[in-house]
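Since the structure comes first, as structure tokens, the remarks are kept for the end.
Values below: every heavy atom of this structure, side chains too, minus hydrogens, waters and symmetry copies. Both counts, for ligands and for their atoms, begin at 1 and track the order of listing.
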Amino acid sequence: MLAAFLPLALSTYRFKKDSSVKKSLKVFVKTYGCQMNERDSEMISSQLQRAGHELIDNEKVADVVILNTCSVREQAEIKALGKAGYLVRRKRTNPNFKIGIVGCMAENLGEKLFKLNGVIDFVIGPKRLHELANILEGNRKNLSIGNPKRQPLSHDFDRKLETNKCTAFLSIMHGCNMRCSYCVVPRTRGNEQYRPMEDIVEEAKFLAENGIKEITLLGQIVNNYGGRLMPVINGKTPFVQLLERLDILPGIKRIRYMSPHPKNFSDDLILAHKTLSKLCPSVHLPIQSGSNRILVAMRRPYTAERILTIVKKLRRVVPNVGISTDIIVGYPGETEEDFAETVSLFDTAKFNMAFIFKYSPREGTRSAELVDDVEESEKERRNQILLQRVQEASLYYHQRFLGKTEEVLVEGHARRGTDTMFGWTPNHCKVLFKASENDIGKILSIQIDGSTTTILSGTIAENA
Ligand code: SF4
């Protein structure tokens, strides 16, 4: 077993600026990719603020631009590289301006990034982000990837909450022990490491005390929390034990998690959706393919039949549960028959949301050694077919809420109209309604009177 507990100690929750800092810099952080990266960017921001630097929203006046990158898809890398190329011009007119690339692409491409773009100042992998403030103090080019020499203290808990925020991500583990053929994450983030349960509960309490109503637990395979290092107690896996501890915290109204693996989707977790009042009736279940042959090629240890069993059990236990998924089309060797099996799975499972990705080979993965033999136009055709299926399922799913009153956590202003706000139902449906800024962070009863494939709309219920 390669996993290990992180030797974490709780860090201070309050921000004390480090008075020894040499020069306060204006830092702009741009985030690409997943929720893990968003949470990492929060940690970066907290760390730099504690070190006396200023985090700003306007990159044009920044002394330092940090690109927190993603390597999961080629497109994400292309975007970040394009951005770094664009920043080079500023470096030419202002030699003191610094550009840093951090995150998964930094780990994956490492030193090559200095060669691709000669003016990048530092490259830091996700396991070494705690070194960032020190690296900023120096003037030399810095490459910091691979495992850290010293384990950081709990930089997980290093956070500063934005005002008016009512939802937060909470990392409960790092890394992944699986070796899916197409994925760079185990290489960039390393093997699984679990935060002690006590630390996570403490952080959730801190979040609740600071106005957070909804937490989303994060992990590459979030439901493998604890692995074999924490015991199963009374038939409950460590992840469900953690959910139970969080469910009784005052102040926290909703709990979500992202992303579970079908392999670890145990019956105790399905049951938890019935017994835990704050666990939201919405599950993101990445399936990647509906063809058992392709699942084997991807090194995903489950079958299409297993997916349908999980979906069936969830729907039996949790009425109206929302189920979304991730899917890859055009994996090397995916035939029309394989794809037809994915379509058939979609038709049966009726996912109300799906992130559909056209396969692209990632350097350093097993599948990158295979011939990428599905034409781009064919990948696009398969993408469109699944998109159509999801849109139909989503519209059908949304329509079941018409005429009902839903509890909506108000998150902020919608793009349209100053008095239009948006929020989310427990099932993770986005809702638009008229309300005021003072309602942000409240859970309002909204009478649903409109629905499209992507959104619901309504009005505050009269008896609310
Ligand atoms: S489970 Fe597979 S796809 Fe997910 S992070 Fe681990 S290796 Fe990547």
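Between Phe401 and Tyr397, the ring planes are perpendicular. Angles over 60° get that label, and only those under 30° would be called parallel. Under the 30°/60° scheme for interplanar angles, the aromatic rings of Tyr257 and His273 are found to be tilted. Classified by interplanar angle (parallel below 30°, tilted 30° to 60°, perpendicular above 60°), the ring pair Phe355/Phe357 is parallel.
At a 4.0 Å heavy-atom cut-off, ligand 1 touches Cys176 through the side chain alone. Residue contacts with ligand 1, taken as heavy atom pairs separated by less than 4.0 Å, involve His261 solely via side-chain atoms from C-beta onward. Residue Ser259 does not touch ligand 1, judged by heavy-atom distances below 4.0 Å.
Nearest to atom 8 (Fe) of ligand 1 among the protein's heavy atoms is Cys183 SG, 2.3 Å. Looking at atom 2 (Fe) of ligand 1, its nearest protein heavy atom turns out to be Cys180 SG, 2.3 Å.
For ligand 1, the atoms lying closer than 4.0 Å to a non-hydrogen atom of Pro186 are 7 (S). Taking every heavy atom of Val185 and a limit of under 4.0 angstrom, the matching atoms of ligand 1 come to 5 (S). Near Ile221, meaning under 4.0 Å from one of its heavy atoms, ligand 1 places the atoms 1 (S).
Judged by the 6.0 Å distance and 45° axis criteria, Lys30 is positioned over the aromatic ring of Tyr32.
Taking the six-membered ring for Trp, Tyr359 and Tyr182 have ring centres at least 6.0 Å apart.
Salt-bridge formation is not detected for the pair Glu74/Lys358: no Lys NZ or Arg NE/NH1/NH2 atom is positioned less than 4.0 Å from an Asp or Glu carboxylate oxygen.
Judged by the shortest distance from any of its heavy atoms, Arg300 lies inside the 4.0 Å radius around the atoms of ligand 1.
For Glu38, the CD atom is densely surrounded, since the number of other residues' heavy atoms within 6.0 Å is greater than 12.
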